[in-house]
Amino acid sequence: MSDSFDDIPFFDEEPAPRKAPAPPPAGNGGLGIAARAMAARDQRRAPDYLSGLNPEQREAVETLDGPVLVLAGAGTGKTRVLTTRIAHILATGRAFPSQILAVTFTNKAAREMKERIGVLVGGAVEGMPWLGTFHSIGVRLLRRHAELAGLRSDFTILDTDDVVRLIKQLIQAEGLDDKRWPARQFAGMIDTWKNKGLLPADIPEGDARAFANGKGRELYAAYQARLKTLNACDFGDLLLHPIAIFRQNPDILKDYHGRFRYILVDEYQDTNTAQYMWLRLLAQRPKGTPQNVCCVGDDDQSIYGWRGAEVDNILRFEKDFPGARVIKLERNYRSTEHILGAAGHLIAHNEGRLGKTLFTDRTDPEDEKVIVHAAWDSEEEARAIGEEIERLQRGDAGGRKHALNDMAILVRASFQMREFEDRFVTLGLNYRVIGGPRFYERLEIRDAMAYFRLVCQPADDLAFERIVNTPKRGLGDTTVRYLHDYARARDIPMLAASAEIVETDELKPKARKALFDVVQSFRNWQQQLEATPHTELAEQILEESGYTDMWKADKSAEAPGRLENLKELVRSMEAFESMRGFLEHVSLVMDAETNENLDAVSIMTLHSAKGLEFDTVFLPGWEEGLFPHQRALDEGGRSGLEEERRLAYVGITRAKHRCHIWFVSNRRIHGLWQSTMPSRFLDELPQAHVDVAVAESNYGGYGGGRGGYGQSRFDKADPFANSYSTPGWKRAQANKTDATRDNWGTRSGHAVERIGYGESGPRGRTIDGELVAKSVADKPSQFSVGDRVFHVKFGNGNISAVEGNKLTIDFDRAGQKRVLEGFVERV
DNA sequence: ATAGGACGGGTTTTT
DNA sequence: CCCGTCCTAT
């Protein structure tokens, strides 16, 4: 993104496009004769960038007039189509870069697109100013018209953390119990409303009553009012304000209609209602005016319904844009026929899809089918996958050697990651974890950012409150509350209030002096904002505020890492022209770099795997309750199940050559062992493309298809040749105390890259297993210590502890386990 | 001010 | 079980 929001001329000063629009495409079905002739003519002198496209891709690229919906299945060259289409628009002189609006969901996608267009078009074309995420484009629009939303153009963008703190204040100000009404929850509600495009007046009565003793609506309105006085926005506002501005100012909207000759949207299946409203305002034109909108998406990969995405948007595209051309990309360039066959058969169980079937020409008898494996428990699952990874890495059995970078483990829920980490640490296998909190979410980074924000934006009270007593200056709660009240009463920012208060003798001398110093410092830094280079100023701020000293004095293990992160923060500012430009970047771009030089297995959730591909993919945890997730079923019903199925589809289609699916019979949930059923999705895989692994262990076995998951096949199992060993997690922690800037330690030849995760490592989470536990919890246990019991999976053992309905049992063969008493019987 | 204990909550995540 | 948050006791 650009550093400044003033570099884009608002009105077109460029000449009109050089070429007359091409004649409308012939017929609805195949190409007419004239069109074919023209296509043939074009083929002869087809520009380089068009060669190598298949007919459908080419149609998607070359159908420039009128609405187009491209249904691009996984691995069908979606990004290629989008970028080539833009290159084509530019190369044919249909529009200038600044006349193309291209929207993506993530910064990564936007970046990638920019790079690829650059390659296609050559360096001649300046970066496209209106290519970006919904939010970054929203910021750009809002900066231009801020006053129409009651803001100044230098408004701040609050992140989730700020929002929660602000709401908490509001809840307290209402005299409500902030424990009974958690701010985080209300922030979530506001987010949901905003995703739906709802302002306080629009929210359903039921929603309004559900929170804060029925004060939900008032609280939402108060929140919006407070944002306005803070000259701030949350993420939702970046869409909602422009929508309101467009609706209330038809002339402004009309200007944008004139500006944006071509509109492109990536991942259309992920748009939420607000984004849809925004897009329709910009794309729908009066009758007779060209509506050159092209949306690309895949209804089968819609996996964000839970955060407001509406698959309906893609399903009703043709209604919204009558006469739309719908182009399906079904030729897959990524995966083997077995992988496509398995994925296609699975997803066919969903109703209400537009219906695509991926195919490939490549057939290779050597290609391995999708393999389903059974394991006793999650520990064995991790062990077996680890072994398979090492086997592929060594390349024995005549196979070639595989890089760890080509392998990924995709899990449904992040708590599953831990077991793999433990195992890989023990094996000394390099891995990287993708997901979790980011660089910019770290404590020290957020503190430093608060200083910078307050310098650039003195009205940023949230930043003020964050750092006024960091490092400790003796300005505790009492003082801050006083400042807060004083500022609110006079309707001025807290920093300005402080400047007034230090002139009085309202505060005790000690506090007064401390606050005076703060006020002086900020005055000083603000004065230097224009003159001093921003990286220098940043360093100066961190030094003079005592913030770096605070961490230098800290003897804890993380302190050196935090200092290193601060240095990195300042270093990363160099790429920007000003401190303001940097702040804007950070508020919208939260992603972390990966270290590509490191050869490591990737571990991530299925959600974060969307859009990626790997030679070999491992999909563990295909069990009822985990995948499909119980909560998705409980809360989402049928559509919840279908979204889970799409997630499974996404998982399988990430694989180029090898896809290994696993399920276990026992998983530890809330620390208790529970027996689990294989996922229904396993039954939905086609026999023709799937093999069932045998002899992974002597008790595994898939049971041969439908209905084959009897418990009896586990009876003679002896899964505990290795007793439960202490996880290597602690060692992992120790190993990477020096992991700082990039979060990867390299001791003992073992590298762990933690993309996103902060110093705390992965958090243990677990799935819902409460029902079983609660149903019997009130009865006193019928078992007591010393009882000899039998467990259908663990065999015989002696009870060593009883706690409600939870028993700790020393099994003869399985070692010590904690199980619910319902699973054992007295011998 | 900070450690330590009680307490709650535990799917997925971007901007 | 395992973690983060909040309140209490030093």
Side-chain angles (χ1 to χ4, degrees), chain A residues 1 103-110 132-139 157-160 163-164 168 178-179 182-185 188 191 194-195 233-239 267 270-272 274-275 303-309 410-418 434-438 440-441 469 471-472 474 476-477 556 584-591 604-610 621 625-636 640 643-644 646-647 650-651 667-674 727 729 756 760-770 773 803 806 808 817-818:
Chain A
M1 172 184 327
V103 203
T104 64
F105 271 81
T106 62
N107 291 296
K108 194 178 157 210
T133 62
F134 276 100
H135 296 269
S136 66
I137 291 168
V139 175
I157 301 159
L158 304 185
D159 63 27
T160 324
V163 168
V164 170
K168 191 167 180 179
D178 63 320
K179 282 196 95 164
R184 197 158 280 286
Q185 191 192 336
D191 197 52
K194 290 191 172 181
N195 283 162
C233 260
D234 62 18
F235 284 120
D237 288 342
L238 298 179
L239 288 168
E267 306 279 17
D270 288 340
T271 45
N272 61 37
Q275 288 158 338
I303 55 173
Y304 286 110
W306 53 273
R307 68 176 197 209
L410 311 181
V411 298
R412 176 62 184 85
S414 45
F415 77 87
Q416 292 173 265
M417 294 180 179
R418 188 199 166 133
I434 295 167
R438 319 309 178 82
Y440 289 115
E441 283 170 8
N469 198 33
K472 300 271 179 285
D477 276 354
S556 66
E584 174 119 338
H585 167 84
V586 169
S587 59
L588 293 172
V589 180
M590 303 288 278
D591 47 7
M604 69 188 95
T605 63
L606 287 160
H607 283 90
S608 35
K610 192 167 80 148
L626 176 58
F627 194 34
H629 200 279
Q630 193 56 48
R631 229 164 119 172
L633 300 177
D634 292 346
E635 288 166 19
E643 184 154 312
E644 295 287 291
R646 290 192 291 268
L647 203 47
V650 166
R667 197 171 282 281
R668 203 161 51 168
I669 292 162
H670 289 116
L672 296 173
W673 285 94
Q674 312 240 299
W729 180 243
S760 55
R763 280 94 36 106
R765 294 210 193 104
T766 184
I767 63 173
D768 197 331
E770 288 302 309
E803 191 190 326
K806 297 161 196 162
T808 305
K817 302 271 176 186
R818 294 190 69 202

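In the text below, chain A, chain B and the rest are named by the order of the sequence lines, each starting its count at 1. Heavy-atom basis, side chains included; hydrogens, waters and symmetry copies ignored.
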Does the side chain of A:Ser608 get closer than 4.0 angstrom to OP1 or OP2 of B:dT12 through an N or O atom?
no
Can the ring centres of A:His607 and A:Trp306 be said to be less than 6.0 Å apart?
yes
Ranking B:dT13, B:dT11, B:dT15 by distance to the side chain of A:Tyr304, first place goes to B:dT13
Would you mind telling me which residue lines up with the more 5' stretch of DNA chain B, A:Phe105 or A:Glu644, judged by nearest nucleotide?
A:Glu644
Listed nucleotide nearest any side-chain atom of A:Arg418, set B:dT13, B:dT11, C:dC2
C:dC2
side-chain hydrogen bond (donor to acceptor under 3.5 Å, both in side chains) with A:Asp234: which residues, sequence neighbours excluded?
A:Lys194, A:Tyr223
Taking the minimum atom-to-atom distance to the side chain of A:Ser414, which one of B:dT13, B:dT12, B:dT15 wins?
B:dT12
In whole angstroms, the gap separating C1' of B:dT14 from NE2 of A:His607 amounts to 12 Å
Nucleotide of B:dT13, B:dT2, B:dT15 approaching A:Lys472 most closely (side-chain heavy atoms):
B:dT2
note: A:Arg184, atom CZ; C:dC6, atom C1'; distance rounded to Å ~ 14 Å
Measure from the side chain of A:Ala632, starting at C-beta and using heavy atoms only, and say which of B:dT11, C:dC6, B:dT15 lies closest.
B:dT11
Listed by chain and number, what are the side-chain hydrogen bond (donor to acceptor under 3.5 Å, both in side chains) partners of A:Thr104, not counting sequence neighbours?
none
Expressed as a whole number of angstroms, how long is the span from A:Ile303:CD1 to B:dT12:P?
13 Å
CG of A:Leu672 versus C1' of B:dG10: gap in Å, rounded?
14 Å
Between A:Phe235 and B:dT14, do the rings stack, that is, sit under 5.5 Å apart with planes less than 30° off each other?
no
Distance in angstrom units between A:Leu626 CG and B:dG10 C1', rounded:
13 Å
Is it the case that the side chain of A:His670 and the backbone of A:Leu672 share a donor-acceptor pair, with hydrogens and angles ignored and the cut-off at 3.5 Å?
no
For nucleotides C:dC2 and B:dT13, find the distance between their C1' atoms and express it as a whole number of Å.
22 Å
Rounded to the Å, how far apart are A:Lys610 NZ and B:dT14 P?
12 Å
Separation of C:dC2 P from A:Arg667 CZ (nearest whole Å)
16 Å
On a plain distance test, is the side chain of A:Arg307 in donor-acceptor contact with the base of B:dT12 below 3.5 Å?
no
Identify whether any heavy atom of A:Glu267 sits under 4.0 Å from a base atom; if not, whether one sits that close to sugar-phosphate; answer base, sugar-phosphate or nothing.
nothing
Mind checking whether A:Asn272 and A:Tyr304 have side chains closer than 4.5 Å, heavy atoms only?
no
Expressed as a whole number of Å, how far does the P atom of B:dT12 sit from that of C:dT5?
16 Å
Tell me whether B:dT12 sits syn or anti, counting syn as a glycosidic angle within 90° of 0.
anti
Expected output: side-chain A:Glu643 to main-chain A:Gly305 donor-acceptor under 3.5 Å:
yes
Whether A:Asn107 contacts B:dT14 is assessed here as follows: a side-chain N or O lying under 4.0 Å from the phosphate OP1 or OP2. Is that the case?
no
Should A:His629 be counted as stacked on B:dT11, where stacking needs a ring-centre gap under 5.5 Å and an angle between planes under 30 degrees?
yes
Picking from B:dT11, B:dA1, B:dT15, the nucleotide nearest the side-chain atoms of A:Arg631 would be B:dT11
Whole-Å distance, A:Leu238 CG to B:dT15 P, equals 13 Å
